[in-house]
Amino acid sequence: MTEDTISGHRRWGVLLVLCGAIFLEGIDVAMLNVALPSIRADLGLATGELQWVMSAYVLGYGGFMLLGGRAADLFGRRRMFVGWLAVFLLFSGLGGLATEGWMLITARFVTGVAAAFMTPAGLSVITTGFPEGPERERALLVYSGTSAAGFSVGLVAGGLLASAGWRWVFFAPVVLAALILAGALALVPKAARPVRGGRLDLAGGFLVTAAVVLLVLGVERAGHAGAGRTVATLGAGLALLGLFALVERRAPEPLVRLGILRGGALVRANAAGLLFSGAFFGFQFLVVLYLQEVRGWSTLQTSFAMLVVGIDAVLSPTVVPKLVARYGNGRLIFSGLLVAALAYGLFLPLGADWAYVAMLPGLVLLGLAFALVYGPLTIAATEGVAEEEQGLAGGLLYTSFQFGAALGLAGVTGVAAASEAALEGYRTALLVPFAAVLVAAAVSLPGVRRARERRNVTQKLIEHVQ
C-alpha cells in the first residue's frame with residue numbers, strides 16, 4: 001500500500017473517470033480514421049498529406065509521452081491529467097474549424113501533445129491508486145478494454161458524424177471531454193508529488209521528439225523520395241537518438257533513467273507494443289481506404305464493417321483476466337501476436353471485389369488478438385516498477401505504442417504510394433503489418449520461456465516442502 005493508494009469506496013469512481021479519458025482517446029482516433037476520405041475530398045489532400053493528419057497526432061503523442069510521464073511524477077498526476085485534458089478539449093474543437101490541411105495537421109499535433117501528458121498521468125493514477133496484484137491487474141484490463149470500446153464506438157459514431165459532415169468528428173469529443181473534466185475535478189484526489197524538487201529534462205525531451213519525427217519522416221519518404229534523402233533523414237533520426245542516450249546518461253535528472261531499461265520484461269513489452277501498434281494502425285488505415293476508395297463504401301458502411309474488431313472491448317474485462325490468472329501475461333501476448341499474424345495473413349490476397357464474409361474472419365481474429373495483447377502488455381510494462389517511476393513506465397509504453405503507430409502509418413503509406421494501381425499498392429503494403437507482428441512474436445518469446453522456468457522452480461519448491 002502506497003501513500004497515493006486511493007481508498008476503496010472512491011477507487012472505482014476514479015477508475016470510471018480515467019476510463020472515460022482513455023475512451024475519449026480511442027473514440028477520437030477511430031472517428032478520425034473513418035472520416036479521412038471525406039477530409040481528403042473536402043480539403044483536397046494527397047495521400048501523403050492525408051497520412052500526416054493521422055501521423056501528426058501520433059507524433060505529438062509519442063514524441064512528448066516521455067516528457068508527459070516524467071511531468072506526472074514531478075508535478076503531480078492529477079494536475080497533469082486535468083490541465084492537459086482541458087488543452088485536448090480546446091484543440092479538438094479547433095480541428096473542426098480547419099479550412100486548410102496545415103491547420104488540421106497543426107491542431108492534431110497539439111491534441112496529440114495534450115494526450116501525451118494526460119494519458120501517462122491517468123495510467124499512473126491507476127498503478128499507484130490500486131494495490132499491486134489481482135486488483136490492479138483487473139483495473140488495468142478494464143482500462144484497456146475501455147480504450148478498445150472507445151475505438152469500437154468511434155467507428156460507428158465516426159461514420160454517423162462524417163455522414164453529416166466531417167467537422168462533427170472533431171466537435172463531438174469536446175462535449176465528452178468537458179464531462180470527463182468535471183468528473184476529474186470532483187473525484188480524482190490530490191496527492192503528494194511522487195518526486196519532490198525535480199526538474200524536467202527539456203533537452204532530452206527535445207532530442208527524443210526530434211528523433212521520432214525524423215525517423216517517421218524517413219520511413220514515409222522511402223516509397224517516393226530519393227534514396228539519398230531517405231537515408232539522410234533516417235540517419236539524422238538515429239543520430240539524435242544516440243545523442244539522446246548520451247544526454248540521458250550524463251543528465252543529473254534524466255527524462256529516462258537508463259537503468260529502468262535493464263528490466264527485460266519492460267523492454268520486451270515496449271518493443272512488442274511498438275511493432276503491434278504499428279501493424280494495427282497501418283492495417284486499419286489501408287482497409288478504410290480500400291473499402292471507401294476501391295469498393296466505394298460509405299463512411300457508415302465502413303464503420304459497421306470494422307465494428308467487429310471491437311469484440312476486444314467485451315473480452316478484455318471479462319475473459320482476459322481469467323486467462324492472465326491461468327496462463328500469465330507472456331503466453332497471452334505471444335499467442336495474441338500469432339493470432340494477429342494469422343488475421344493479417346488472411347488479408348494478403350485482397351481482391352477488388354471481396355465480399356464482407358471473406359474479410360470477416362480476419363477482422364474477428366484481429367479483435368481477439370487485440371484483447372490478448374493490449375491489456376497484458378500494459379501489466380507487463382508497469383509491473384514491479386517503483387512508485388516514483390510509474391509515470392515514466394507508462395510514458396515509455398505509450399511512447400512505444402504511438403511511435404509504432406506513426407511508423408506503421410508511414411510504412412504502409414510509403415509502400416502503397418510506390419505502386420501506380422491503388423489495389424496493388426494496398427495489397428503489397430499489407431505485408432508490412434504481417435511482418436511486424438511476426439517480429440513482435442519473436443521478441444516476446446523469451447518472456448514465455450522465462451515464465452515457464454519460474455513456474456517450474458515454484459513447482460519444485462512446493463514439491464520439496466511437501
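- Counting heavy atoms from C-beta outward, L274 and N270 have side chains that stay 4.5 Å or more apart.
- A 4.5 Å side-chain heavy-atom check between L50 and L43 finds every atom pair outside the cut-off.
- For the pair Q292 (side chain) and P37 (backbone), a donor-acceptor distance under 3.5 Å is absent.
- Annotation: F347 is in aromatic contact with F283 [ring centroid separation under 6.0 Å].
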I would like to know whether F304 and Y356 meet side chain to side chain contact (heavy atoms under 4.5 Å, CB included); could you show each step before the answer?
-> CA-CA 11 Å; F304 281 111; Y356 182 63; over 6 Å; no
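- Evaluation of the side-chain hydrogen bond (donor to acceptor under 3.5 Å, both in side chains) rule for W84 yields no partner, not counting sequence neighbours.
- The two residues L214 and A236 come nearest to each other via the heavy atoms CD1-CB, 3.9 Å.
- Scored by the ring-ring contact (aromatic ring centres under 6.0 Å, His included) test, W102 finds no partners at all (sequence neighbours excluded).
- In this structure, F401 has its ring center closer than 6.0 angstrom to the ring center of Y374.
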Audit row: W168, F171, side chain to side chain contact (heavy atoms under 4.5 Å, CB included) steps and yes/no = CA-CA 5 Å; W168 288 104; F171 296 146; 4.0 Å; yes
Assess whether side chain to side chain contact (heavy atoms under 4.5 Å, CB included) is satisfied between M359 and Y290, documenting all intermediate values.
-> CA-CA 12 Å; M359 306 177 218; Y290 164 76; 4.1 Å; yes
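- Side-chain contact between W166 and L161 is absent, with no heavy atoms from C-beta onward closer than 4.5 Å.
- Side-chain atoms of T146 and Y143, non-hydrogen and from C-beta on, never get closer than 4.5 Å to each other.
- Judged by distance alone, the side chain of R295 and the main-chain N or O of W354 form a donor-acceptor pair under 3.5 Å.
- Looking only at distances, a side-chain donor or acceptor of S92 sits under 3.5 Å from a matching main-chain atom of F170.
- When all heavy atoms are compared, the tightest approach of A157 to M31 is CB-SD, 3.9 Å.
- Two residues are said to be in side-chain contact when any heavy atoms from C-beta on lie closer than 4.5 Å; Q284 and M306 meet this criterion.
- In this structure, W52 and L45 have side chains that are not in contact, with every pair of non-hydrogen atoms separated by 4.5 Å or more.
- T111 places a side-chain N or O within 3.5 Å of a backbone atom of A107 that can act as its donor or acceptor partner.
- In this structure, Y61 has its ring center closer than 6.0 angstrom to the ring center of Y57.
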Evaluate the salt bridge (charged side-chain N to carboxylate O under 4.0 Å, His left out) criterion for residues R257 and D201: first the C-alpha distance (whole Å), next the side-chain angles of each, then the deciding distance (0.1 Å), finally the verdict.
-> CA-CA 11 Å; R257 183 182 64 82; D201 176 16; over 6 Å; no
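- Between F281 and V29, some side-chain heavy-atom pair lies under the 4.5 Å cut-off.
- The minimum heavy-atom distance linking L104 with G95 is given by the pair CD1-O, 3.5 Å.
- Every side-chain hydrogen bond (donor to acceptor under 3.5 Å, both in side chains) that T127 has, sequence neighbours left out, goes to Q390.
- In terms of heavy-atom proximity, A343 sits nearest to L365 at CB-CB, 3.8 Å.
- Contact of the F276 side chain with the I333 side chain is not registered, since no non-hydrogen atoms from C-beta on lie closer than 4.5 Å.
- Shown here are the side-chain hydrogen bond (donor to acceptor under 3.5 Å, both in side chains) partners of N329, two or more places apart in sequence or in another chain: there are none.
- Heavy atoms only, all atoms of each residue included: L85 and A177 are closest at CD2-O, 4.1 Å.
- A salt bridge between R70 and E253 is absent, with no side-chain N of the basic residue lying under 4.0 Å from a carboxylate O of the acidic one.
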Please tabulate, one pair per line, all N/O donor-acceptor pairs under 3.5 Å involving side-chain atoms of residues 423-434, not counting sequence neighbours.
unit_1, atom_1, unit_2, atom_2, d
R427, NE, L350, O, 2.9
R427, NH2, L350, O, 2.8
T428, OG1, E424, O, 2.9

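- The shortest non-hydrogen separation linking T378 to L397 is CA-CD2, 3.6 Å.
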For the pair L332 and V373, evaluate side chain to side chain contact (heavy atoms under 4.5 Å, CB included) and give the outcome as yes or no after the intermediate values.
-> CA-CA 7 Å; L332 259 64; V373 174; over 6 Å; no
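- Applying the side-chain hydrogen bond (donor to acceptor under 3.5 Å, both in side chains) criterion to S124, with sequence neighbours excluded, gives R77.
- With hydrogens and angles ignored, the 3.5 Å screen pairs no side-chain donor or acceptor of D42 with any backbone N or O of S38.
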